[in-house]
Amino acid sequence: AGPEPIYHAMAYNTRQGTTLEFGGDDGDATWQWDGSNWTWLTNIGPSRRHNLAMAYDSARDVVVLFGGYDNNPLGDTWEWDGIAWTRESTRGPSNRDGHAMAYDSAREVTVLFGGSVRNNEGGNQTWEWDGRRWSLMSETGPARRTGHAMVYDEDRNVTVLFGGGNMSGKLSDMWEWDGVEWRQREVEGPQPPRS
């Protein structure tokens, strides 16, 4: 047996070789996958939520969790150190859900983009978490969106963003963040829109 979530988040811990899962319909339960078995770890930590984002900070060996939704968008930052969750901050990005995060291992920061926010204020912002505080890095680049995916490319030192959706529908554009600015990438061949 294991978690039964929908709209949850997961992050892979490269040091331990395990995957941490939290949120979704499973509520406030934290689970771990070791490659063979799911293990329930705790329900003490972040409140129940879905449409949250998580990323593994390999320099500090913690999983960073931000935001999500539970009757209202949330704006808190939590970290999992392998034993327990710690609430690190309530300051930084505005409350949001449907955003994405990726860990930039060269600059040792967690990058956050987009999400659904009230009055559409901040839905196109790029934030970075250094383990102590959030910094607003950009309000230009990709259009506002939710349900997109992001991953860090260690060979080229860029965070890659693809797809998502907004009022225009599902998107199929690809962008790269180098820590200073976003650049849209043109990709050959059809890229089906997805969110």
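Since we're looking at a predicted model, the values are computed, not measured.
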Minimal non-hydrogen separation, [X] against [Y], with atom names:
{"X": "T110", "Y": "A55", "value": "CG2-CB, 4.0 Å"}
{"X": "A29", "Y": "W40", "value": "CB-NE1, 3.8 Å"}
{"X": "S94", "Y": "V117", "value": "OG-CG1, 3.7 Å"}
{"X": "V63", "Y": "A11", "value": "CG1-CB, 3.9 Å"}
{"X": "T159", "Y": "A102", "value": "CG2-CB, 3.9 Å"}
{"X": "G165", "Y": "S195", "value": "N-OG, 3.8 Å"}

- When hydrophobic residues are tied together by side-chain contacts of less than 4.5 Å, even through go-betweens, does W129 share a cluster with V62? yes
Out of curiosity, [X] [atom1] to [Y] [atom2], how far, rounded to the nearest 0.5 Å?
{"X": "T18", "Y": "L41", "atom1": "OG1", "atom2": "CG", "answer": "8.5 Å"}
{"X": "Q191", "Y": "E186", "atom1": "CD", "atom2": "CD", "answer": "10.5 Å"}
{"X": "L65", "Y": "L74", "atom1": "CG", "atom2": "CG", "answer": "9.5 Å"}
{"X": "E154", "Y": "S58", "atom1": "CD", "atom2": "OG", "answer": "7.0 Å"}
{"X": "D97", "Y": "T146", "atom1": "CG", "atom2": "OG1", "answer": "7.5 Å"}
{"X": "L52", "Y": "R96", "atom1": "CG", "atom2": "CZ", "answer": "13.5 Å"}

- Task: Answer whether the closest heavy-atom distance between the side chains of R145 and D173 falls below 4.5 Å.
- Result: yes
- Message: W85: which residues meet the ring pair (Phe, Tyr, Trp, His ring centres under 6.0 Å) condition with it, sequence neighbours left out?
- Response: F22, W80
- For W78, ring pair (Phe, Tyr, Trp, His ring centres under 6.0 Å) partners two or more places apart: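 Ring pair (Phe, Tyr, Trp, His ring centres under 6.0 Å) list for W78, sorted by chain: empty.
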Ignoring hydrogens and angles, tell me if any N or O in the side chain of [X] forms a donor-acceptor pair with the backbone of [Y] under 3.5 Å.
{"X": "S138", "Y": "T140", "answer": "yes"}
{"X": "N124", "Y": "E139", "answer": "yes"}
{"X": "R91", "Y": "S89", "answer": "no"}
{"X": "N166", "Y": "R144", "answer": "yes"}

With [X] via side-chain contact (heavy atoms from CB on, under 4.5 Å) - residues at least two apart:
{"X": "A59", "answer": "D57, Y103, E108"}
{"X": "R156", "answer": "D153, V158, V160, E176, R185"}
{"X": "E188", "answer": "none"}

- Message: Can you pull out every salt bridge (charged side-chain N to carboxylate O under 4.0 Å, His left out) where at least one residue sits in residues 126-136? Sequence neighbours excluded, please.
- Response: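 Non-adjacent pairs meeting salt bridge (charged side-chain N to carboxylate O under 4.0 Å, His left out): R107-E128, D130-R132.
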- Task: Write out all pairs satisfying salt bridge (charged side-chain N to carboxylate O under 4.0 Å, His left out) with one or both partners inside residues 72-81, taking only residues at least two apart or from two chains.
- Result: R49-D76, R60-E79
- Stepwise, does the side chain to side chain contact (heavy atoms under 4.5 Å, CB included) test hold for D28 with I44? CA-CA 7 Å; D28 57 0; I44 298 171; over 6 Å; no
- Proximity of H148 and F162 rings by center, below 6.0 Å: no
- Message: Taking side chain to side chain donor-acceptor pair (under 3.5 Å) as the cut-off, I'd like each qualifying pair that reaches into residues 62-73, sequence neighbours left out, listed once.
- Response: N72-R118
Any chance you could pull the hydrophobic cluster mates of [X], using side-chain heavy atoms under 4.5 angstrom and chaining through other members?
{"X": "Y12", "answer": "none"}
{"X": "V180", "answer": "none"}
{"X": "V109", "answer": "V111, F113, M137, M150, L161, W175, W177, W182"}

- Any residue meeting salt bridge (charged side-chain N to carboxylate O under 4.0 Å, His left out) with D34, in chain and number order, not counting sequence neighbours: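 D34 satisfies salt bridge (charged side-chain N to carboxylate O under 4.0 Å, His left out) with no residue once adjacent residues are dropped.
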- Task: Tell me yes or no: between the side chains of W134 and T77, is some donor less than 3.5 Å from an acceptor?
- Result: yes
- Task: Let me see the working for L20 and M10 under side chain to side chain contact (heavy atoms under 4.5 Å, CB included), right down to the final yes or no.
- Result: CA-CA 5 Å; L20 192 74; M10 295 171 59; over 6 Å; no
